[in-house]
Asks: 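Before we start, here is the structure in question, set down as structure tokens.
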There are 2 protein chains.
Amino acid sequence: MLRLSKLTDYAVVVLIRLSEGGGECARLGGEPVQTSPGIALATGVPEPTVAKVLKALTSANLVASQRGARGGYRLVQALEQITIADVITAIDGPIALTACVDGAPGACDVQNMCAVKGRWDLVNDAIRQALTSITLAEMRVASVPMAFRLPAPDHLAPPDRLAQGGVPLAASAAE
Amino acid sequence: MLRLSKLTDYAVVVLIRLSEGGGECARLGGEPVQTSPGIALATGVPEPTVAKVLKALTSANLVASQRGARGGYRLVQALEQITIADVITAIDGPIALTACVDGAPGACDVQNMCAVKGRWDLVNDAIRQALTSITLAEMRVASVPMAFRLPAPDHLAPPDRLAQGGVPLAASAAE
DNA sequence: AACAATCAGGACCGCATGGGTCCTGTTAAG
DNA sequence: CTTAACAGGACCCATGCGGTCCTGATTGTT
Ligand code: FES
Ligand code: FES
């Protein structure tokens, strides 16, 4: 259903957690790194998965790592600078809706007579635009101390329409 | 990689083919229906797949079907009225990027302490906007008489020459 | 110097999902 | 009555994702 991977979802969670750098691991004055077990504990995501996500994010230069004892991860950009497209690209690879985008030969069997050959690029670009226009800062629920939400959320119809007010909601997807 | 299903891709091809209604099956004056074998032949997509796509499109009321002999399919809207979002919804189901959108309970394991709970809706809406803003008419390559390519690659693996020649191969992969 | 903590980078497996085929009705034209 | 075509499944298989784990490399600590 056009769904992106759950890993990407986790990546967003992890990154936001990383932005709240003043965690329990902030020992070095200037570099409040966080360890993957720590993040896993804080977010509830299983540790191996967190580690995997962090590695991918490191490869994409979205986070920096400090090896060795007392090591960990830290952001290299502010949340405002990180777009959803960045995260998706880091985790899921380049954003390519169909196999027919770009000039991959042999990707599509019917490209000989295809009427929309290469036209998906249009859609692809639109998606990229939409994804690039949203930053992680907009994803984070503004000033919500999530310590409250520990108990299980209601089954359905959660009355948490609270955050609706403060978000600009750019929605500049149209062009 | 955030890819949508190949079926959706085929659906677009089929729909566009359907819009060029003046096919070989246009017997009835007012209702130029096309059969799925005919569309399969014209597009190069295997017949069973075409049939499957057509069925899904019929369920979504994007095309109308005429049963019985001399039956077939026809569009119910102009290409300009059909958005990519419509097609995706018809084939792949509702557009929901992550399992955490809407209030699906039990979808996400970490929703208890999640910092972005429900925030994916933002991204989701942006995607929907982007997908809704593009119609099939924009997807169709304007005035490309694909009648050239009719020689059927039915079997498979077209012997290496015809496919290579005429393809522009834009290779506009940005990043 | 030895140790421990932590990241790096894979290999690995199980499972869900999508892609594709096929079969059996049902409908309607000829 | 026969045939052409859709309807609606069931079905199998390959792909890829989600998740785990293992073996190094690196660096602070003791
Ligand atoms: S090239 Fe793949 S559908 Fe057109
Ligand atoms: S509820 Fe699923 S990641 Fe937040």
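Below, chain A is the first sequence line, B the second, and so on; all start at residue 1.
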Asks: Could you tell me whether the phosphate oxygens of C:dA8, OP1 or OP2, come under 4.0 Å of any side-chain nitrogen or oxygen in A:Ser65?
Replies: yes
Asks: Does B:Ser5 offer a backbone N or O that forms a donor-acceptor pair with the side chain of B:Asp92 under 3.5 Å?
Replies: yes
Asks: CG of A:Leu7 versus P of C:dC15: gap in Å, rounded?
Replies: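 Rounded to whole Å, this separation is 18 Å.
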Asks: Given the structure, check if the side chain of A:Arg67 and the base of C:dT6 hold any donor-acceptor pair shorter than 3.5 Å.
Replies: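 No such pair is found, so the answer is no.
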Asks: Of the nucleotides C:dA8, D:dA5, C:dC7, which one has an atom closest to the side chain of A:Thr58?
Replies: C:dA8
Asks: Given side chain to side chain contact (heavy atoms under 4.5 Å, CB included), test A:Ile84 with A:Leu136 step by step and report yes or no.
Replies: CA-CA 7 Å; A:Ile84 303 296; A:Leu136 286 194; 3.7 Å; yes
Asks: Heavy atoms from C-beta onward define the side chain here; which of D:dT20, C:dA8, D:dC6 lies closest to that of B:Ser36?
Replies: D:dC6
Asks: Whole angstroms only, please: what is the NZ-P distance between A:Lys6 and D:dT20?
Replies: 11 Å
Asks: Give the rounded distance in Å between these two atoms: CG of A:Asp9 and C1' of D:dC17.
Replies: 14 Å
Asks: Are B:Arg128 and B:Asp125 close enough for a salt bridge, meaning some N to O gap below 4.0 Å?
Replies: yes
Asks: Are OP1 or OP2 of C:dT21 and a side-chain N or O of B:Thr49 less than 4.0 angstrom apart?
Replies: yes
Asks: Which atom pair, heavy atoms only, marks the closest approach of A:Leu57 to A:Ile91?
Replies: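 Heavy atoms only, the tightest pair is CD2-CD1, 4.1 Å.
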Asks: Please pick, from D:dT20, D:dG28, D:dG8, the nucleotide with the shortest atom-to-atom distance to any side-chain atom of A:Pro48.
Replies: D:dT20
Asks: According to a strict under-4.0 Å criterion, is A:Tyr10 in side-chain N/O contact with OP1 or OP2 of D:dC17?
Replies: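 Negative; the distance criterion is not met.
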Asks: Round to a whole Å and report the spacing from CG of A:Asp92 to P of D:dC17.
Replies: 7 Å
Asks: Rounded at 0.5 Å granularity, tell me how far CZ in B:Arg17 sits from CD1 in B:Ile39.
Replies: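 Nearest 0.5 Å value for the CZ-CD1 distance: 7.5 Å.
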Asks: Across the strands shown, which category fits A:Leu54 at heavy-atom distances under 4.0 angstrom: base, sugar-phosphate, nothing?
Replies: nothing
Asks: A:Gln66 has a side chain; which of C:dG20, D:dG28, D:dG19 sits nearest to it?
Replies: D:dG28
Asks: Nearest-Å distance, NZ (B:Lys52) to C1' (D:dA7)?
Replies: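 One finds 14 Å between C1' of D:dA7 and NZ of B:Lys52, rounded.
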Asks: From C-beta outward on B:Ala69, which listed nucleotide comes closest to its side chain: C:dT26, D:dA5, D:dA4?
Replies: D:dA4
Asks: Given that A:Glu47 and A:Gly68 both sit by DNA chain D, which one's nearest nucleotide is further toward the 5' end?
Replies: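 Closest to the 5' end, via its nearest nucleotide, is A:Glu47.
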Asks: What's the NZ-C1' distance between A:Lys55 and D:dA25, to the nearest Å?
Replies: 12 Å
Asks: To the nearest Å, give me how far apart CD1 (B:Ile91) and P (C:dG20) are.
Replies: 12 Å
Asks: Check the distance between C:dC7's P and A:Arg74's CZ and give it to me in whole angstrom.
Replies: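 Rounded to the whole Å, the gap is 14 Å.
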Asks: Between C:dG19 and B:Ser5, is there an OP1 or OP2 to side-chain N/O distance shorter than 4.0 Å?
Replies: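 Looking at the OP1 and OP2 atoms of C:dG19, one of them is under 4.0 Å from a side-chain N or O of B:Ser5.
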